[in-house]
Trainee: 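Next up is a structure, given as structure tokens.
Letters A, B, ... are given to chains in the order of the sequence lines, protein chains preceding strands, and every chain is numbered from 1.
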Amino acid sequence: MDLSMVGNLTDPAILFFFVGLLVGAVRSNLEIPAPVAKFLSLYLLMAIGFKGGQALGQTGVTDAAVRVVAIGVVLALAIPALGFVVLRRRIDHFDAAAIAATYGSVSAVTFIAGTQFLTARGDAPGGYLTVALVLMESPAIIMAVLLATWARARRHVTEQATVLAGVHGPPQPPTASGVTAGHPVPTPPMSMRAILHEAFTDGAHLVLIGSLVVGAASGPTGGRAMAPFVDGVFTGLLAFFLLEMGLLVARQLREARDVGPFLVGFAIGMPLVGATLALALGTVAGLSVGDLALLAVLAASGSYIVVPAVVRYAIPEARPSRYFTMALAVTFPFNIVIGIPLYHAAARALVG
Amino acid sequence: MDLSMVGNLTDPAILFFFVGLLVGAVRSNLEIPAPVAKFLSLYLLMAIGFKGGQALGQTGVTDAAVRVVAIGVVLALAIPALGFVVLRRRIDHFDAAAIAATYGSVSAVTFIAGTQFLTARGDAPGGYLTVALVLMESPAIIMAVLLATWARARRHVTEQATVLAGVHGPPQPPTASGVTAGHPVPTPPMSMRAILHEAFTDGAHLVLIGSLVVGAASGPTGGRAMAPFVDGVFTGLLAFFLLEMGLLVARQLREARDVGPFLVGFAIGMPLVGATLALALGTVAGLSVGDLALLAVLAASGSYIVVPAVVRYAIPEARPSRYFTMALAVTFPFNIVIGIPLYHAAARALVG
Amino acid sequence: MDLSMVGNLTDPAILFFFVGLLVGAVRSNLEIPAPVAKFLSLYLLMAIGFKGGQALGQTGVTDAAVRVVAIGVVLALAIPALGFVVLRRRIDHFDAAAIAATYGSVSAVTFIAGTQFLTARGDAPGGYLTVALVLMESPAIIMAVLLATWARARRHVTEQATVLAGVHGPPQPPTASGVTAGHPVPTPPMSMRAILHEAFTDGAHLVLIGSLVVGAASGPTGGRAMAPFVDGVFTGLLAFFLLEMGLLVARQLREARDVGPFLVGFAIGMPLVGATLALALGTVAGLSVGDLALLAVLAASGSYIVVPAVVRYAIPEARPSRYFTMALAVTFPFNIVIGIPLYHAAARALVG
Amino acid sequence: MQHVKRLDLVVGSRVATRFLEALDTLGLPHRTVIPGVHGYGQHGPRGSDPFATFDNTYLLVAVPPDRVDEVVAALQPLLQEVGGMCLVSDARWV
Amino acid sequence: MQHVKRLDLVVGSRVATRFLEALDTLGLPHRTVIPGVHGYGQHGPRGSDPFATFDNTYLLVAVPPDRVDEVVAALQPLLQEVGGMCLVSDARWV
Amino acid sequence: MQHVKRLDLVVGSRVATRFLEALDTLGLPHRTVIPGVHGYGQHGPRGSDPFATFDNTYLLVAVPPDRVDEVVAALQPLLQEVGGMCLVSDARWV
Ligand SMILES: Nc1ncnc2c1ncn2[C@@H]1O[C@H](COP(=O)(O)O)[C@@H](O)[C@H]1O
Ligand SMILES: Nc1ncnc2c1ncn2[C@@H]1O[C@H](COP(=O)(O)O)[C@@H](O)[C@H]1O
Ligand SMILES: Nc1ncnc2c1ncn2[C@@H]1O[C@H](COP(=O)(O)O)[C@@H](O)[C@H]1O
Ligand code: NA
Ligand code: NA
Ligand code: NA
């Protein structure tokens with residue numbers, strides 16, 4: 001494992017993440033323009049989707065593919081349930097539901113970093129892992145919304161919500177005693193139908209699925225034509241994107257007021273639990289090292305894109321300064337630096 | 001032809017166009033940031049300009065080059081004249097002039113898709129086709145402006161125009177009965193001098209010409225240095241751009257209120273007529289399969305960039321919701337999916 | 001030398017600079033979106049930093065490296081001092097300090113163009129030149145700020161400054177007689193501490209240093225993974241960036257009201273003096289042709305990024321319409337077209 | 001120069017079309033749109049993730065003063081449902 | 001805090017320089033410029049094509065109240081010729 | 001519709017956070033932020049270099065009328081120190 005870890009720390013893309021962290025920490029004026037960052041995130045989704053589709057197109061739907069995807073879906077249901085059970089005793093139920101959704105879903109960037117890491121070490125995972133990535137994104141969101149609805153019912157309808165249903169909110173938060181003080185319940189939560197629409201028509205989601213299909217459909221000729229784009233410049237653009245992620249994490253860490261020791265512990269412990277579950281199920285199912293390790297990475301990762309985007313409207317009572325910050329500022333770097341090499345080492349030890 | 005058509009539908013770039021269409025149809029939040037889309041469009045022009053210039057630099061001005069370019073210019077004058085004659089009996093003269101200009105000019109993205117398609121099938125067209133692309137862009141605009149001036153003279157100077165010459169328009173359209181109802185004549189049209197300046201100093205136009213010259217001037221060494229950029233990542237960036245085109249077409253289709261069956265028919269019929277003309281003239285002139293097919297693609301394509309941009313000011317009486325929508329939402333997809341393989345098959349049958 | 005110069009004028013990247021100049025001169029609507037231009041500038045810094053780091057990582061800190069960097073730092077102190085002595089007799093002391101800083105510092109884009117030129121001609125400079133680039137950026141700024149402080153002290157505290165310390169400036173300049181007329185002293189200059197923070201945490205600066213470290217740390221495996229990004233598409237993206245630089249220079253030339261013949265002379269003479277100094281010191285130190293020529297390029301170049309950005313706040317009394325315009329609109333094109341081939345020819349003659 | 005009412009709306013980019021369609025329905029199609037806007041309101045931060053999946057759009061609409069009440073009445077339920085800000089102020093149209 | 005007049009202009013990006021030069025000529029060089037703005041007005045949609053060849057630019061200019069008539073007089077012919085919107089309103093300058 | 005004061009700030013992108021933090025401290029976290037804004041003021045041109053290292057950020061903040069003096073007092077020293085523009089005007093909040 002030691003060698004692997006050192007290996008990850010000489011990967012230029014990962015190193016640029018640290019450059020971003022440091023540059024952000026000294027409060028430099030460095031800024032990746034938002035349109036470029038958005039382009040890079042779409043590019044990464046397109047590239048991994050396409051490559052996954054190509055791999056799938058070559059192998060077809062194998063037995064291993066079915067097993068990986070099945071375990072993935074099981075994990076996507078088990079992890080948020082487990083997370084909620086742990087959290088509900090210690091924190092507000094709405095926060096608990098949102099955090100459970102965060103860890104039940106997955107992080108595409110962590111998935112990409114994991115794929116890079118494993119491929120560089122000769123344990124390339126199968127293309128169907130990309131299908132697992134797609135399918136593991138949404139179940140946790142729906143489960144969390146149901147949990148929040150249940151919590152809302154238990155709390156009865158508060159007077160505040162009633163008032164808010166009648167008028168649009170005031171220009172600034174009612175209390176003048178600082179940001180964190182009041183956490184007013186905003187406009188009423190979205191309908192279930194709207195939530196499902198948001199979750200399933202999310203742009204990032206659809207680009208990933210679309211690229212998967214295009215990759216599978218366009219065969220070796222298409223693959224060769226796209227290779228310089230989806231393979232050649234991939235590491236470089238990933239490095240650029242991780243530079244931005246580093247800047248973002250540095251900024252987020254500065255504002256991490258609402259995350260205490262318990263939640264930091266959860267943000268590190270939950271990934272380890274998730275990865276362990278994945279490693280156990282995957283070993284029983286006889287997965288290869290690469291598939292096993294990447295499934296553990298998926299299980300361990302927390303979503304800081306789709307989930308916060310939807311949950312913000314679906315569970316407005318929960319604080320983004322908790323679930324978003326935990327996933328982005330604690331779990332993401334943890335997985336990148338320690339998690340990925342660790343899960344790989346464990347997979348090697350188990351089935352290597 | 002069947003094989004070719006299937007071929008086009010496994011091209012990743014074309015497939016991403018369909019992904020964009022579908023994603024747009026389900027009203028996803030997917031959005032390519034405008035600065036990135038603009039960059040991609042400039043990149044595509046730069047790449048085809050440079051590659052055309054390189055090819056020209058190698059072959060010099062051949063006999064075939066002269067014939068292709070000459071036919072191109074003839075078509076750029078004949079097609080808008082023909083279009084106007086057909087349209088003026090059925091629709092408003094200003095709309096007729098604008099639509100004629102649209103189909104008389106050309107679409108660079110269709111040109112690129114055609115080049116990709118033909119090259120992949122071993123019928124690579126000559127670099128001078130890029131010169132034809134450049135020269136076919138503007139004549140139709142100038143012709144349309146003259147037609148509009150003539151139409152304006154016939155209508156006499158209306159009172160409305162007189163009034164508008166005195167005051168800047170009101171904050172919102174005068175009639176409150178919906179958008180399509182009133183189509184107020186806005187500020188007076190541009191002077192001919194201003195129109196020519198707009199048409200010839202258009203950024204896209206100049207990037208194309210500039211890249212053509214740079215490609216021709218920089219020889220094999222320059223070509224090698226630029227290859228990974230203009231060739232390597234080309235398909236990938238084109239795919240990304242066509243994803244955006246798909247989103248745009250989907251949006252445009254939703255707003256296609258002003259295009260009835262007659263105009264839809266025109267938007268499909270006119271390309272076929274233009275292509276037929278090109279195939280006829282090109283066969284007589286003894287062009288190769290690739291040159292012939294791409295010339296047909298040019299003749300069949302309608303401009304949705306330069307022409308609408310200039311015509312908006314030059315013929316303010318015409319409705320963009322007609323000419324722009326027809327070129328972008330009907331003709332462009334038609335050519336991409338059906339037209340290009342069809343013209344190629346015809347060219348093969350004629351001179352193959 | 002003649003051949004080399006012609007050589008530079010068939011380099012596609014340099015040719016695109018001229019395309020930009022011409023397109024800008026005819027006042028086309030061409031515009032590279034700002035977020036893309038910013039991305040490209042960060043990309044270029046990342047690529048040269050990474051490549052420099054890779055080269056350094058391979059060779060280690062050689063004797064030649066130490067000599068090059070030492071001479072670079074000497075030049076970064078000598079050139080601004082010399083510049084100030086020349087300028088202070090003819091122009092305002094604040095302008096003199098700002099211009100001295102401009103020419104004491106360096107231009108990364110000129111450095112890149114020089115590296116491309118030399119590498120293409122078989123005289124590739126060492127990776128440690130990138131270290132020189134980094135170290136030569138800031139000393140001149142600090143020196144200029146000290147000079148300005150001294151000038152400010154000599155002038156006593158003017159009444160105007162006293163007034164301004166009390167109120168924020170008015171909405172528009174007090175005099176209504178045109179832009180250039182009044183040059184009001186704005187808000188009080190920054191503290192030395194703030195200036196140092198600005199200079200050392202500047203984003204461009206840190207990306208360069210960070211990439212240098214990542215390049216050195218990530219070894220041959222990292223280098224191979226990044227190659228298509230930092231090498232493959234480099235010329236193409238540089239060409240795109242120089243297109244934008246051409247547009248910018250054309251715009252700047254139109255607004256060059258405050259630069260008279262003396263300052264134009266300085267903007268061409270100072271680079272020649274700087275290059276001569278570098279060539280002399282470097283020849284004595286026994287540098288190779290590539291190292292010597294690129295050091296001369298660094299000495300000859302003037303900063304139009306970091307220096308203006310910092311000096312605007314550090315010496316608010318100086319006019320950007322002088323120092324910025326000189327560096328960007330005169331010295332930059334001069335070096336690109338004439339300077340680089342000239343310094344290379346001189347280096348060959350001296351040590352080739 | 002005539003008097004107009006100026007509406008400054010900041011709404012989620014994804015739902016901006018709904019506001020614009022409401023204005024279209026009222027026969028008020030003229031507008032200015034600034035994309036890629038960040039913000040912080042009752043629904044927390046918007047636009048500051050590198051994915052910009054959920055940023056805001058700024059809409060500026062000048063309407064004749066006698067139509068402003070109608071416009072506000074049409075937009076209020078939308079603001080209620082999907083959040084956002086709407087400021088109304090006075091201006092003169094040149 | 002002194003009173004100022006605030007001008008909000010939305011004009012074609014390509015012609016924005018002409019407006020800015022007119023302001024320069026009046027000795028009013030201070031301004032704020034937002035590029036990449038979309039819109040819909042008498043000249044139809046602007047800025048929503050992926051080529052953004054013809055988008056708008058937003059100009060915000062604060063001028064002393066006594067100079068606003070002069071400014072409006074200088075800009076009106078330009079608005080007449082190339083289109084665009086200009087709103088004038090009151091503000092205080094901090 | 002209640003009365004609010006609208007603050008339009010244009011400040012260097014690099015120092016924008018300092019303004020926003022000052023507002024946070026006052027318990028006024030709601031705001032709209034437009035990045036990538038160009039301009040020209042007492043500190044010369046901003047945002048028009050291709051490096052955009054030093055462009056402006058536009059901040060729009062609606063605050064209750066009774067808090068505007070407090071806000072202005074908090075922002076004035078910052079404007080003094082790092083430059084920028086701040087306009088205050090009246091609006092109604094829908
Ligand atoms: N008081 C305010 N001042 C300025 N902008 C605001 C204010 N309140 C809300 N906004 C903007 O409106 C967007 C949506 O608001 P909300 O739905 O309250 O989250 C926010 O992201 C801000 O951009
Ligand atoms: N009533 C309005 N409200 C807001 N923006 C407008 C209005 N009218 C025109 N504009 C803006 O001004 C630009 C040019 O207007 P026009 O020349 O009328 O097409 C449009 O693209 C819009 O961005
Ligand atoms: N009178 C004005 N009108 C509009 N914007 C202004 C004005 N004065 C300053 N600004 C903006 O505020 C920024 C900073 O101003 P300054 O610190 O004076 O350079 C400028 O770059 C402009 O964007
Ligand atoms: Na997970
Ligand atoms: Na045509
Ligand atoms: Na220098």
Trainee: Walk me through whether B/Leu15 and A/Ser218 qualify under side-chain contact (heavy atoms from CB on, under 4.5 Å).
Mentor: CA-CA 8 Å; B/Leu15 287 171; A/Ser218 60; 4.1 Å; yes
Trainee: Can you tell which of B/Gly20, B/Ala13, B/Gly232 has the highest number of heavy-atom pairs within less than 4.5 Å of chain A?
Mentor: B/Gly232
Trainee: Quick one, B/Val19 with A/Leu206, criterion side-chain contact (heavy atoms from CB on, under 4.5 Å). Give me CA distance, side-chain angles, the key distance, then yes/no.
Mentor: CA-CA 8 Å; B/Val19 171; A/Leu206 293 183; over 6 Å; no
Trainee: How about B/Phe240 and A/Phe39: are their ring centroids closer than 6.0 Å?
Mentor: yes
Trainee: Write down the atom of A/His197, the atom of B/Arg27, and the distance for their closest heavy-atom approach.
Mentor: CE1-O, 3.8 Å
Trainee: Please classify the contact of B/Leu22 with chain A as side chain, backbone, both or neither, using a heavy-atom distance under 4.5 Å.
Mentor: neither
Trainee: Please confirm whether the backbone N or O of B/Ser28 pairs with a side-chain atom of A/Thr201, one donor and one acceptor, at under 3.5 Å?
Mentor: no
Trainee: Less than 4.5 Å to any heavy atom of chain B: does that hold for the side chain of A/Thr221, its backbone, both, or neither?
Mentor: neither
Trainee: Report which part of B/Glu31 has an atom under 4.5 Å of a heavy atom belonging to chain A: side chain, backbone, both, or neither.
Mentor: both
Trainee: If I measure from the heavy atoms of chain A, does B/Ala120 come under 4.5 Å with its side chain, its backbone, both, or neither?
Mentor: neither
Trainee: Answer with side chain, backbone, both or neither: which region of B/Val233 has an atom nearer than 4.5 Å to a non-hydrogen atom of chain A?
Mentor: both
Trainee: For A/His205, which atoms come within 4.5 Å of any heavy atom of chain B: side chain, backbone, both, or neither?
Mentor: neither
Trainee: Using side-chain contact (heavy atoms from CB on, under 4.5 Å), reason through A/Val207 and B/Val23 one step at a time and then give a plain yes or no.
Mentor: CA-CA 8 Å; A/Val207 165; B/Val23 170; 5.9 Å; no
Trainee: So which of A/Gly210, A/Pro33, A/Ala225, A/Gly222 has the biggest tally of heavy-atom pairs under 4.5 Å with chain B?
Mentor: A/Ala225
Trainee: Quick check against the 3.5 Å criterion: does A/Lys38 have a side-chain atom that pairs as donor or acceptor with the backbone of B/Val36?
Mentor: no
Trainee: Is A/Pro228 close to B/Phe234 at the side-chain level, that is, under 4.5 Å between some pair of heavy atoms?
Mentor: no
Trainee: So which heavy atom on A/Met46 is nearest to which on B/Gly236, and how close?
Mentor: CE-O, 4.2 Å
Trainee: Can you tell me how far apart CZ (A/Arg224) and OG1 (B/Thr235) are? Round to the nearest 0.5 Å.
Mentor: 11.5 Å
Trainee: How long is the straight-line distance from CG of A/Leu42 back to CG of B/Leu243, given to the nearest 0.5 Å?
Mentor: 8.0 Å
Trainee: Can B/Leu237 and A/Phe229 be said to form a side-chain contact (heavy atoms from CB on, under 4.5 Å), step by step?
Mentor: CA-CA 8 Å; B/Leu237 289 174; A/Phe229 185 64; 3.6 Å; yes
Trainee: Could you look at A/Phe50 and say if it's the side chain, the backbone, both or neither that has a heavy atom under 4.5 Å from chain B?
Mentor: side chain
